[in-house]
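As structure tokens, the structure follows; a few thoughts come after it.
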There are 2 protein chains.
Amino acid sequence: MLQKKNAVLVDGVVLNGPIIDSEAGQKFVEEACKIIMEEVIQKANDVTEKVCEWRAPETLKMILDLEMRDTGESHQKLLQLCQDVIQYSVKTSHPRFFNQLYAGIDYYSLVARFITEALNPSVYTYEVSPVFLLVEEVVIKKMIEFIGWEEGDGIFNPGGSVSNMYAMNLARYKFCPEIKEKGLSGLPRLVLFTSEECHYSMKKAASFLGIGTENVYFIKTDERGKMIPEELEKQVQRARKEGSAPFLVCATAGTTVLGAFDPLDKIANICEKHGLWLHVDASWGGSALISKKHCKLLHGIHRADSVAWNPHKMLMAGIQCCALLVKDNSGLLKKCYSAKAAYLFQQDKFYDVNYDTGDKSIQCSRRPDAFKFWLMWKALGTTGLEERVNRALALARYLVEEIKKREGFQLLLEPEYANVCFWYIPPSLRKMEEGPEFWQKLHQVAPIIKERMMKKGSMMLGYQPHRGKVNFFRQVVISPQVSREDMDFLLDEMEQLAKDL
Amino acid sequence: MLQKKNAVLVDGVVLNGPIIDSEAGQKFVEEACKIIMEEVIQKANDVTEKVCEWRAPETLKMILDLEMRDTGESHQKLLQLCQDVIQYSVKTSHPRFFNQLYAGIDYYSLVARFITEALNPSVYTYEVSPVFLLVEEVVIKKMIEFIGWEEGDGIFNPGGSVSNMYAMNLARYKFCPEIKEKGLSGLPRLVLFTSEECHYSMKKAASFLGIGTENVYFIKTDERGKMIPEELEKQVQRARKEGSAPFLVCATAGTTVLGAFDPLDKIANICEKHGLWLHVDASWGGSALISKKHCKLLHGIHRADSVAWNPHKMLMAGIQCCALLVKDNSGLLKKCYSAKAAYLFQQDKFYDVNYDTGDKSIQCSRRPDAFKFWLMWKALGTTGLEERVNRALALARYLVEEIKKREGFQLLLEPEYANVCFWYIPPSLRKMEEGPEFWQKLHQVAPIIKERMMKKGSMMLGYQPHRGKVNFFRQVVISPQVSREDMDFLLDEMEQLAKDL
């Protein structure tokens, strides 16, 4: 350490060495890490623990001392706060957390996340993020390989919704590059097409980008939730007749509720015929590309112009880990997004500034999300990732077969992916005819069961009404910590929770 | 633990309990945490360590074994990889990392980040993120208090650039709500105003939102980098005469390069007169609001309609921690952004669904970024945060005075914030007249010094050309780990690195 000099007084502040007690700070981190290890990581796989410790908002506000005051709290008080935060947070890594399209714990990605939090990098230039930029490059290259493109480009960004926005803007730029400077004012109405079952981010994106939600033409789907190509063809022709400007088709590989895969090959034919950009929102379903057995679900994806794929979902890389991948390798991404900020992207640097990829982004500071996926991939190998996907889908299949065997459970449809959608019909409704009254009563069942399971904390799965269907459960299996015993438990527990209904 | 049942074979997969070795996984996490503690956290304040261990891209690719293979690596190999990643990453927490608008390490926010990485939550509904939603609410309320609004709304999001986009879209929605559905096609040209010194995200946002970069009217600034209100008035009138539709003024509180603060009060007068939305990009300067001494830099901010403020910069909450704050409390944010996804935002939940704030967001999955700021605030108290700001600005002031005393250093301008911009004039140029040749030669100095400091690893600070000024250094002081000795070091080291130039 250098020698400390005399104190000086500047602007009323005494400057005399650092003002932080590093030793106490490091001790605090160590103690907190112990709590995290014991209360979160070690308990993650323990099914005797609760998935959630439900408290109503007003109660939870009283338990947690939320107020921020003039004076700081003691380390002891802070450690107690950390305990409380953990206790009352939902354990998304619990083997019986089936509520979202992510779940479980991966030790390798977790370590990567701890490393990046400690290093606190931002990924825009090679000079400040050398490792993370190289890692992002190699991960994107690998993902492109699984899509089946010979070359391409890409960027990690904060979410599938944002990936879809990137793609929409990119397709628009390709369609009419002047929009970057001139904007949409005075142009013909741009129209894009996506299925009725698409993720809600399509509407958000169209609104955000100034395209307008009414210019998203929703294409009818079949009973399985897949876009009907003939309907797409019709709608493209309708748009042309209206004098509007079709520019983009957003297909979905793995819809949010039903887990449906649009027929990409047939859709690609239509896009080719009409000169439309094909974007595939594979945020959820993209991970099937890793599996030789299941990659056929995305047959034709190599014909897409762009793909959104979130390894934080089925591959468990941790929220968020989302890539937008682009087939173009002529610098379209950079041309579309660059703003050439001189304070970051100086051209007279002493290294090859092509490594400064930050100007491809809509963000300035950007997290190194590719890194957690990379470390996990290094640890498990492609084979390990493939095993996860195969096993999750086998567990979903197991659940489906068990559902078929049990009285009171009714599948909505045969799943092709990890979304198992079903109704639980409680004893009092089993003899009723399937008329309006039956459906109206059944609609009220899921919210009651959900309330009971949350208050008991035994498991979490989601329900929703969907396109004319009354409230049903959507069960999602992801994590390798989940076993068939948990599937059986789910069914038993549901019967238990609803036996008086 | 429940009893394990017999194995079953489904789809070629043997289902027989979890497939993950939790014990080995936990041990790996523990060993990696030890490395993180020793190599990152404990070394963070050690000025005898290097800020960076520079390697050219091609060399670094060879050192790091980047390729992802079919088979996974051993824990031992992975731990070595983690070591390498840390070794070759830039130490942004090093007391001599002055390269960006973030730096240093805060132990409390770091613990909060470890907790959220372990819990892996997504913040959209109260049922999956009860703690983090309540925390976000209280943090937003507190930030609004410091802005000086009586009420308001807000959302944490992935970056100041994204905050600016949110604001731009919100102002547009307020101006003409039908844009959400209809889009911009056929509408008059929307025009917004911001200063020449604004962040480059303004152009990115205008392009992304379909407004077009040509419809960003850049307002002249004075010699200090502040927007000239009279010029703004002129440009608004020009836009009106052109028949375009002015809707927004984006003022900057703390510009990226010079650290300048636009005169908010005068700008607010013009916005009021013309009925324009006033957004203040206080991503960098917002933290001065915490200081009773320096909050006057943002005088008039309470008159803004929206504010972007990044506590991950001067307040050190960790990348990313960025809030967009909105004065409106009538639900404008929700009206503008909602898409009402039924699978997340069911209306028949058993709790008050007003706590499900996810539909205010352009994202679906969203990280709990407010939490790290909250825990830090709890730990330090407002007084502790204020002390940080005051001390960082005092250190900047100290540096300025030292620069004035030394031969060869030349300030660009008197800073009012933490950006200290200066030229280092090496011995060979000191006797030269300040003509074109001088400037052209001086322009080449900073890149050479930068290369030398990177290769030596002794410190990192950024340089850039800026608005007709040749390459100069921008020194940014943030962290409480930095001391005046580091300021002296910076000046000595620069002399040392450039003595032969």
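We name chains A, B, ... by the order of the sequence lines, and we start the count at 1 in each one.
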If you count heavy-atom pairs under 4.5 Å between each of [options] and chain B, which one has the most?
options	value
Lys203(A), Lys142(A), Lys349(A)	Lys142(A)
Ile36(A), Ile179(A), Leu110(A)	Ile36(A)
Gln464(A), Gln26(A), Gln346(A)	Gln26(A)
Tyr88(A), Trp377(A), Phe114(A)	Phe114(A)
Gln444(A), His466(A), Lys450(A)	Lys450(A)
Tyr337(A), Tyr126(A), Tyr355(A), Tyr351(A)	Tyr126(A)

Where on [X] is there a heavy atom nearer than 4.5 Å to chain A: the side chain, the backbone, both, or neither?
X	result
Val257(B)	side chain
Met68(B)	both
Leu344(B)	side chain
Val162(B)	side chain
Lys340(B)	neither
Val128(B)	both
Ile211(B)	backbone

**Interchain contact, Pro480(A) with chain B, by part (heavy-atom threshold 4.5 Å)** = both
**Asked** Without hydrogens or angle criteria, can the side chains of Tyr463(A) and Asn99(A) be said to hold a donor-acceptor pair below 3.5 Å?
**Response** no
**Request:** Examine the side chains of Tyr107(B) and His75(A) and answer whether a donor and an acceptor come within less than 3.5 Å of each other.
**Result:** no
Quick check: does any side chain N or O of [X] sit under 3.5 Å from a backbone N or O of [Y], one acting as donor and the other as acceptor?
X	Y	value
Asp11(B)	Val13(B)	no
Asn215(A)	Gly183(B)	no
Thr92(A)	Leu119(B)	yes

**Request:** Could you tell me how the ring of His312(A) sits relative to the ring of Tyr102(A): parallel (under 30°), tilted (30 to 60°) or perpendicular (over 60°)?
**Result:** perpendicular
**Message:** Is the ring pair Phe371(A)/Phe132(A) parallel, tilted or perpendicular, if the boundaries are 30 and 60 degrees?
**Reply:** perpendicular
**Request:** With sequence neighbours excluded, tell me which residues meet salt bridge (charged side-chain N to carboxylate O under 4.0 Å, His left out) with Arg113(B).
**Result:** Glu117(A)
**Asked** Looking at residues at least two apart in the chain, or sitting in another chain, which of them share a salt bridge (charged side-chain N to carboxylate O under 4.0 Å, His left out) with Asp65(A)?
**Response** Arg69(A), Lys77(A), Lys378(B)
**Pick from Val10(B), Asn120(B), Val111(B) with the largest number of heavy-atom pairs that fall under 4.5 Å of chain A** = Asn120(B)
